Amino acid sequence: MTENELQQAYEELKSSYNYHDHRPQTRQGQEMLKQDEERFIDEALLPYLKHIAENFTSVLRNPTTLRLTISSNGGSIKAERIPVKAQVIPRRDTSGLKIVLPDGKTIQEQSATESMCAAIQYAISIFGIKAVLDAMERSSIICDGEPLLKNGPHNHPSSNSKPIGNNCFVNVHMNTKTKKEKLEQIGKAMNIPWNIIII
């Protein structure tokens with residue numbers, strides 16, 4: 001869209017105004033004017049402004065939102081930059097865990113946290129809760145200064161205590177790599193030859 005083309009479209013819009021202003025005001029006439037305005041903005045004014053802006057924005061490196069507010073009856077024009085709000089992305093496991101059991105079966109849940117809890121539940125189903133708790137105590141498998149697995153919720157303010165049944169809770173306040181290491185410690189303490197894989 002060149003300046004001459006914009007000027008021509010502008011003159012056509014003015015002619016449309018002049019035509020309708022000298023005739024009885026009707027709803028149909030107002031709707032036709034509105035359509036003429038929108039056509040001028042969409043097909044002439046915006047492409048021209050985009051063309052102008054492209055000549056002076058090629059060096060910008062961050063996304064920017066600009067807004068033009070035009071008052072009715074050809075009044076003032078307000079130009080402003082709209083700040084881009086920072087997007088808050090909730091923290092979540094960026095990787096998962098896959099536990100290959102001695103019989104070749106696997107545990108692989110939606111997140112590393114769920115996989116860790118399921119693996120500990122597996123150990124409990126094989127050896128019983130008391131044996132697993134005793135093994136963790138003997139091997140000092142802890143998190144935030146408390147046993148990784150305990151009866152009742154963990155007390156440390158930073159703990160992320162997940163219930164796994166029978167009033168047992170696992171503190172999962174750690175990254176995926178540390179979850180893998182804790183499960184490897186449990187496997188060694190319980191003599192479970194499972195293979196823990198970060199995926």
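In this text, all values refer to a predicted model and were calculated from it rather than measured experimentally.
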- Walk me through it: do I164 and I124 pass the test side chain to side chain contact (heavy atoms under 4.5 Å, CB included)? CA-CA 10 Å; I164 61 169; I124 292 172; 3.8 Å; yes

- Message: Between V132 and M136, does the side chain to side chain contact (heavy atoms under 4.5 Å, CB included) criterion hold? Intermediate values first, please.
- Response: CA-CA 6 Å; V132 175; M136 288 196 185; 3.9 Å; yes

- Checking side chain to side chain contact (heavy atoms under 4.5 Å, CB included) for the pair I129/N166: CA distance, chi angles, key distance, verdict? CA-CA 9 Å; I129 181 62; N166 298 317; over 6 Å; no

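Side-chain contact check for I197 versus V100: some heavy-atom pair is nearer than 4.5 Å. A heavy-atom distance below 4.5 Å is found between the side chains of L183 and M116. In this structure, the side chains of R39 and D36 come closer than 4.5 Å at one or more pairs of heavy atoms. For the pair E3/Y48, a side-chain contact is recorded, criterion being any heavy-atom separation below 4.5 Å from C-beta on.
Contact record, F169 with S161: CB-OG, 3.3 Å, taken as the closest heavy-atom pair.
Under a 4.0 Å N-O distance rule, the pair K188/E184 does not qualify as a salt bridge. Contact check on R138 versus D134 returns no salt bridge, with no Lys/Arg side-chain nitrogen under 4.0 Å from an Asp/Glu carboxylate oxygen.
A donor and an acceptor atom, one from each side chain of E181 and Q185, are nowhere located under 3.5 Å apart. A donor atom on one side chain and an acceptor atom on the other are not found under 3.5 Å apart for N171 and N160. Judged by distance alone, the side chains of H154 and S159 never bring a donor and an acceptor atom under 3.5 Å apart.
Judged by distance alone, with hydrogens and angles left aside, the side-chain atoms of Q108 form no donor-acceptor pair with the main-chain N or O of L97 at under 3.5 Å. Listed for the T178 side chain is no donor-acceptor partner under 3.5 Å among the backbone atoms of M174.
How far CD1 of I99 is from OG of S115: 4.5 Å, rounded to the nearest 0.5 Å. The structure places NZ of K98 at 13.5 Å from NZ of K180, a figure rounded to the nearest 0.5 Å. Taking CD1 from I120 and CE from M190, the interatomic distance works out to 11.0 Å, rounded to the nearest 0.5 Å. Note that CH2 of W194 is 15.5 Å distant from NZ of K105, once rounded to the nearest 0.5 Å. To the nearest 0.5 angstrom, K179 atom NZ is 9.0 Å from H173 atom NE2. One finds the NZ atom of K150 at 12.0 Å from the CD atom of E137 (value rounded to the nearest 0.5 Å).
A side chain to side chain contact (heavy atoms under 4.5 Å, CB included) with L149 holds for exactly one of L133, I142, I141, I186; it is L133. Tested against L101, the residues I192, I107, T106 include a single side chain to side chain contact (heavy atoms under 4.5 Å, CB included) partner, I107.
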